[in-house]
*Asks:* 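Provided herewith is a single structure, encoded as structure tokens, for subsequent inquiry.
Just so we're on the same page: letters track the sequence lines, and every chain starts at 1. Atom set for the values below is all heavy atoms of this structure, side chains included, hydrogens, waters and symmetry mates excluded. Keep in mind the model is a prediction, meaning the values are calculated, not measured.
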Amino acid sequence: MVVFALIDGNNFYASCERVFNPRLEGKPIVVLSNNDGCIIARSGEAKALGIPMGVPLHKVKSIITANGVKVFSSNYTLYGDMSARMMQTLGEFSPEMEIYSIDECFLSLSGFDHFNLNDYGQLIKKTVRQNVGIPCGVGIGSTKTLAKIANKIAKKYPEYGGVFFINSPEKRIEVLKTIGVDDVWGVGRKYLAKLNAVGIHTAYDLSTVRKDWAQKNLGGIVGVRLVHELNGLSCLPLELIQEPKKNIAATRAFGKIVTSKDELAEALSVYTARGAAKLRAEGSIAKQISYFIHSNPFSKTYPYFSTGQSITLPVATSNTCKLTSAVLRSLEKTFRPGIRYHKAGIMLSFLRPEDSVQDDLFSCGDSERAKVLMQTLDKLNNRYGRETVVLGSAGFKRDWGTRVDNRSPQYTTSWTDLMPVRG
DNA sequence: TCTGGGGTCCTAGGACCC
DNA sequence: TCTGGGGTCCTAGGACCC
């Protein structure tokens with residue numbers, strides 16, 4: 001029998017913050033998006049206070065102050081490292097694993113029939129808690145979509161102890177009737193409205209729609225698969241090998257309004273360097289780099305302005321210098337003065353493996369020297385922290401940089417942030 | 001005052017070819 | 001009156017995910 005488990009860290013970012021600060025146990029905490037803008041993670045206690053996901057911080061300021069909610073800027077270095085530890089532990093529970101996101105993974109439990117899978121789920125949960133310090137939930141079912149739903153149930157009803165197994169067709173139907181259709185993996189805002197409009201409210205309702213209706217109304221083959229999966233027919237296999245990325249982006253809103261070309265050039269240099277480093281870490285090269293600069297789309301006082309360009313490179317590359325100079329040359333042409341710039345970003349596309357560079361007759365790929373330079377740069381920045389070594393064009397002041405007023409220390413990845421142990 | 005960042009897949013439709 | 005049919009490639013945009 002085909003069996004999938006979905007394991008995810010509870011309130012992952014909030015839990016990461018808590019691992020190194022046990023005094024926060026039982027206290028409400030939230031984690032913010034970039035520039036301390038929106039709430040992107042909440043501990044259970046913060047959820048209970050009615051703080052919604054994704055709201056701008058200023059809208060819930062009063063709840064936060066009144067209840068002493070602890071607020072953290074996001075600390076992706078920490079979360080990434082905690083994620084790696086969690087995944088390593090989880091990988092020991094099955095020969096087949098798909099890391100689905102920073103805090104979620106699927107395991108294949110096919111052929112584990114001789115185990116009591118509820119007990120096995122409990123063991124997984126306990127081990128992760130012990131080894132990594134993160135509480136997690138385990139959902140088990142015969143398709144990925146059902147495993148996702150089982151995971152929701154595990155979280156929703158504490159009496160299951162954080163583990164739920166949809167182990168029979170009868171239980172599947174019973175469970176689907178209690179799940180809102182918007183809690184189904186693959187149903188977002190638009191589809192929810194469409195489904196509700198025709199009287200479909202629960203996951204069970206959705207499991208009974210005709211295939212041709214799903215085909216026509218839920219994105220074609222995607223919708224058909226979704227309905228099959230709800231019915232226990234597995235259409236989405238585990239993706240065991242991580243395909244290389246097809247696009248890589250680095251974009252950020254500024255910490256303040258930017259008006260000068262020089263500062264935009266600095267920001268685009270920094271983002272290009274980050275993108276290029278990701279590219280090299282993937283072992284890929286890019287044939288195209290695009291960038292944009294724009295003003296605040298939410299502003300009611302100033303009109304929205306956005307510009308940028310896609311630049312096709314003569315030869316695919318991952319070289320920071322080449323990519324940066326392409327962007328900065330183009331910025332000279334697209335920059336418009338008198339605009340209150342709010343955000344900028346770059347995107348690398350048409351990626352391919354670095355060993356596949358096809359030299360044409362008149363141009364050639366990166367020289368050995370250039371490659372060694374990039375390797376050295378990556379080595380230094382990995383060891384001593386991002387942006388220890390940068391191109392001159394990235395500047396040193398970075399007045400436009402992201403606001404991070406509540407950042408926790410990088411306990412696991414920075415020597416200077418190691419916790420002291422007092423005897 | 002204050003509104004994230006980084007991805008994927010799929011479809012429809014146009015251009016073009018024979 | 002009737003105005004082919006089948007195929008590919010590309011792009012823009014929609015929808016979703018965490």
*Asks:* Taking ring-ring contact (aromatic ring centres under 6.0 Å, His included) as the cut-off, I'd like each qualifying pair that reaches into residues 184-206 of chain A, sequence neighbours left out, listed once.
*Replies:*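 Qualifying pairs, neighbours excluded: A:Tyr100-A:Trp185, A:Phe106-A:Trp185.
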*Asks:* For a quick test of your reading: what N or O donor-acceptor pairs under 3.5 Å do the side chains of residues 231-238 of chain A make, sequence neighbours left out?
*Replies:*
| residue | atom | partner | partner atom | Å |
| --- | --- | --- | --- | --- |
| A:Asn231 | ND2 | A:Ser207 | O | 2.9 |
| A:Asn231 | ND2 | A:Val227 | O | 2.9 |

*Asks:* Can you build the contact string for nucleotides 2-14 of chain B? Use B for base contact, S for sugar-phosphate-only contact, and - for no protein heavy atom under 4.0 Å.
*Replies:* BSSSSSSSSS---
*Asks:* Which pairs of donor and acceptor atoms, one on a side chain in residues 54-67 of chain A, lie under 3.5 Å apart (sequence neighbours left out)?
*Replies:*
| residue | atom | partner | partner atom | Å |
| --- | --- | --- | --- | --- |
| A:Thr65 | OG1 | A:Lys61 | O | 2.5 |
| A:Asn67 | ND2 | A:Ile63 | O | 2.7 |

*Asks:* For nucleotides 15-18 of chain C, give me every protein contact, N/O to N/O, under 3.5 Å, one pair per line with atom names.
*Replies:*
| residue | atom | partner | partner atom | Å |
| --- | --- | --- | --- | --- |
| C:dA15 | OP2 | A:Lys190 | NZ | 3.3 |
| C:dC16 | OP1 | A:Gly188 | N | 2.9 |
| C:dC16 | OP1 | A:Gly188 | O | 3.3 |
| C:dC16 | OP1 | A:Tyr191 | N | 2.8 |
| C:dC16 | OP2 | A:Lys190 | N | 3.3 |
| C:dC17 | OP1 | A:Gly186 | N | 2.9 |
| C:dC17 | OP1 | A:Val187 | N | 3.4 |
| C:dC17 | OP1 | A:Val187 | O | 3.3 |
| C:dC18 | OP1 | A:Lys148 | NZ | 2.7 |
| C:dC18 | O3' | A:Ser101 | OG | 2.9 |
| C:dC18 | O3' | A:Asp103 | OD1 | 3.1 |

*Asks:* Can you tell me which stems involve DNA chain B, if a stem is defined as three or more consecutive Watson-Crick or G-U wobble pairs, both distances under 3.5 Å?
*Replies:* B:5-18 with C:5-18
*Asks:* Checking A:Ser43 now: which residues fulfil side-chain hydrogen bond (donor to acceptor under 3.5 Å, both in side chains) with it, not counting sequence neighbours?
*Replies:* A:Glu45
*Asks:* List the residues meeting side-chain hydrogen bond (donor to acceptor under 3.5 Å, both in side chains) with A:Thr272, not counting sequence neighbours, and say none if there are none.
*Replies:* none
*Asks:* By side chain to side chain contact (heavy atoms under 4.5 Å, CB included), which residues pair with A:Lys245, not counting sequence neighbours?
*Replies:*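 A:Lys245 satisfies side chain to side chain contact (heavy atoms under 4.5 Å, CB included) with A:Ile248, A:Glu282 once adjacent residues are dropped.
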*Asks:* Residues two or more places apart in sequence or in another chain: which of them pass side chain to side chain contact (heavy atoms under 4.5 Å, CB included) with A:Asp262?
*Replies:* A:Ser260
*Asks:* Work out how far the C1' atom of C:dG4 is from that of B:dC17, and round it to whole angstrom.
*Replies:*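 My reading of the C1' atoms in C:dG4 and B:dC17 gives 14 Å.
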*Asks:* Name all residues meeting the salt bridge (charged side-chain N to carboxylate O under 4.0 Å, His left out) criterion together with A:Asp183; count only those two or more places apart in sequence or in a different chain, and write none if there are none.
*Replies:* A:Lys152
*Asks:* Verify whether one side chain among A:Tyr291 and A:Thr334 offers a donor that lies under 3.5 Å from an acceptor in the other.
*Replies:*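 There is such a pair (donor and acceptor under 3.5 Å, judged by atom type) between the side chains of A:Tyr291 and A:Thr334.
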*Asks:* Show me, pair by pair, the donor-acceptor contacts under 3.5 angstrom made by side chains of residues 83-92 of chain A, not counting sequence neighbours?
*Replies:*
| residue | atom | partner | partner atom | Å |
| --- | --- | --- | --- | --- |
| A:Ser83 | OG | A:Ile102 | O | 2.6 |
| A:Arg85 | NE | A:Asp81 | OD2 | 3.1 |
| A:Arg85 | NH2 | A:Asp81 | OD2 | 3.2 |
| A:Thr89 | OG1 | A:Arg85 | O | 3.3 |

